[in-house]
Amino acid sequence: QVQLVESGGGLVQAGGSLRLSCAASGRTFSTYGMGWFRQAPGKERVFVAAISGTGGKTYADSVKDRFTVSRDNAKNTVYLQMNSLKPEDTAVYYCAARPWIVTTQMADYSSWGAGTQVTVSS
């Protein structure tokens, strides 16, 4: 339904920072709840962070105090600022959209981007 395109992934050293972007289509971006998920090779996709259509935020315990999710409705874009990166943060990162509220469950999101690779070296 909603077209999502992630960007900003790459290779960084442990302790470094990276900012991911997710550009969304449509004129109603401000009503979308936006989530970030990640999936490492051979592992299940897991919740990372999310921001609701009203600005509420939630984070997985593994990234709390290191990652910050934000949105710029004028640009139809959601961001994930990642600081103090660790090798265990290595994964493909996906953004996803659903109406208004945010949840931590992958099945609750109806639209997904194709993902962007983040690799953190030691």
Side-chain angles (χ1 to χ4, degrees):
Q1 294 183 351
V2 180
Q3 284 72 54
L4 304 172
V5 180
E6 302 96 334
S7 62
L11 175 65
V12 298
Q13 290 193 323
S17 297
L18 204 61
R19 187 178 74 165
L20 305 183
S21 299
C22 177
S25 66
R27 296 176 293 171
T28 57
F29 175 75
S30 63
T31 72
Y32 304 159
M34 301 294 298
W36 287 97
F37 295 76
R38 67 187 183 188
Q39 186 169 21
K43 304 293 185 179
E44 296 182 351
R45 193 171 301 183
V46 298
F47 172 79
V48 176
I51 183 166
S52 74
T54 56
K57 302 174 182 180
T58 187
Y59 299 92
D61 288 342
S62 60
V63 306
K64 191 171 298 181
D65 300 324
R66 297 190 298 121
F67 291 11
T68 302
V69 63
S70 62
R71 66 195 300 159
D72 185 341
N73 290 339
K75 296 182 178 179
N76 275 26
T77 301
V78 63
Y79 303 97
L80 185 66
Q81 178 67 47
M82 305 183 294
N83 299 326
S84 301
L85 283 162
K86 305 174 181 179
E88 50 263 46
D89 295 319
T90 295
V92 176
Y93 283 70
Y94 300 88
C95 65
R98 72 182 311 279
W100 287 109
I101 67 170
V102 294
T103 77
T104 63
Q105 301 301 309
M106 184 176 67
D108 292 336
Y109 291 80
S110 57
S111 300
W112 291 84
T116 185
Q117 177 72 49
V118 172
T119 302
V120 184
S121 65
S122 59

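Numbering starts at 1 and runs along the sequence shown.
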Cluster link [X] to [Y], ILVMFWY, side chain under 4.5 Å:
X     : Y      : answer
Leu80 : Val92  : no
Tyr94 : Met106 : yes
Leu20 : Val78  : yes

Problem set entry | Sequence neighbours excluded - disulfide bond (SG atoms under 2.5 Å apart) pairs with any residue from residues 8-106 |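 Listed by first then second residue: Cys22-Cys95.
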Problem set entry | Pair listing, salt bridge (Lys or Arg N to Asp or Glu O under 4.0 Å) test, anchored in residues 106-121, at least two apart |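 For residues 106-121, and leaving out neighbouring residues, there are no salt bridge (Lys or Arg N to Asp or Glu O under 4.0 Å) pairs at all.
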For this session: Could you note down all residue pairs passing salt bridge (Lys or Arg N to Asp or Glu O under 4.0 Å) where residues 70-88 supplies at least one of them, sequence neighbours left out?
Result: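 Those involving residues 70-88 do not exist here.
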Problem set entry | Sequence-distant partners of Phe47, ring pair (Phe, Tyr, Trp, His ring centres under 6.0 Å), two or more places apart |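 Partners of Phe47 under the ring pair (Phe, Tyr, Trp, His ring centres under 6.0 Å) test: Phe37.
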Problem set entry | Residues which pass ring pair (Phe, Tyr, Trp, His ring centres under 6.0 Å) with Phe29, listed by chain and number, not counting sequence neighbours |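 Only Tyr32 meet the ring pair (Phe, Tyr, Trp, His ring centres under 6.0 Å) criterion with Phe29.
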Problem set entry | Backbone of Ala91 reached by a side-chain donor or acceptor of Gln39 within 3.5 Å |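 No.
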For [X], which residues count as a side chain to side chain contact (heavy atoms under 4.5 Å, CB included) partner, sequence neighbours excluded?
X      : value
Thr31  : Thr28, Trp100
Ser111 : Gln1, Val2, Leu4, Ala97
Val120 : Val12, Ala14, Leu85, Pro87, Asp89, Thr90, Val118

Problem set entry | Test item: Arg38 and Val46 side chains (from C-beta on) under 4.5 Å apart, heavy atoms |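 Yes, their side chains come closer than 4.5 Å.
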Exercise. With side chains defined as the heavy atoms from C-beta onward, is the minimum distance between Thr103 and Tyr109 less than 4.5 Å?
Worked result: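 Result yes, sub-4.5 Å side-chain heavy-atom pair found.
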Could you measure the distance from the [atom1] atom of [X] to the [atom2] atom of [Y]? Nearest 0.5 Å is fine.
X      : Y      : atom1 : atom2 : value
Gln13  : Ser121 : CD    : OG    : 4.5 Å
Thr119 : Leu18  : OG1   : CG    : 10.0 Å
Met82  : Thr68  : CE    : OG1   : 11.0 Å

Exercise. Who pairs with Lys64 by salt bridge (charged side-chain N to carboxylate O under 4.0 Å, His left out), at least two apart in sequence or on another chain?
Worked result: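 For Lys64 the salt bridge (charged side-chain N to carboxylate O under 4.0 Å, His left out) partners, ignoring immediate neighbours, are Asp61.
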For this session: List for me each residue that meets salt bridge (charged side-chain N to carboxylate O under 4.0 Å, His left out) alongside Asp65, sequence neighbours excluded, and say none if there are none.
Result: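 Asp65 satisfies salt bridge (charged side-chain N to carboxylate O under 4.0 Å, His left out) with no residue once adjacent residues are dropped.
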For this session: Provide the full list of ring-ring contact (aromatic ring centres under 6.0 Å, His included) pairs with a residue in residues 56-93, sequence neighbours left out, each pair given once.
Result: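 ring-ring contact (aromatic ring centres under 6.0 Å, His included) check on residues 56-93 returns no pairs.
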Problem set entry | Which atom of Gly9 lies closest to which atom of Thr116, heavy atoms considered |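 Closest approach of Gly9 to Thr116: N-OG1, 3.2 Å.
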Problem set entry | Minimum heavy-atom distance Ala50-Val69, with the two atoms named |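 Shortest heavy-atom contact: O-CG1, 3.5 Å.
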For this session: May I have all residue pairs that pass side chain to side chain donor-acceptor pair (under 3.5 Å) and include part of residues 14-26, sequence neighbours excluded?
Result: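 Residue pairs with at least one partner in residues 14-26: Gln3-Ser25, Ser17-Asn83.
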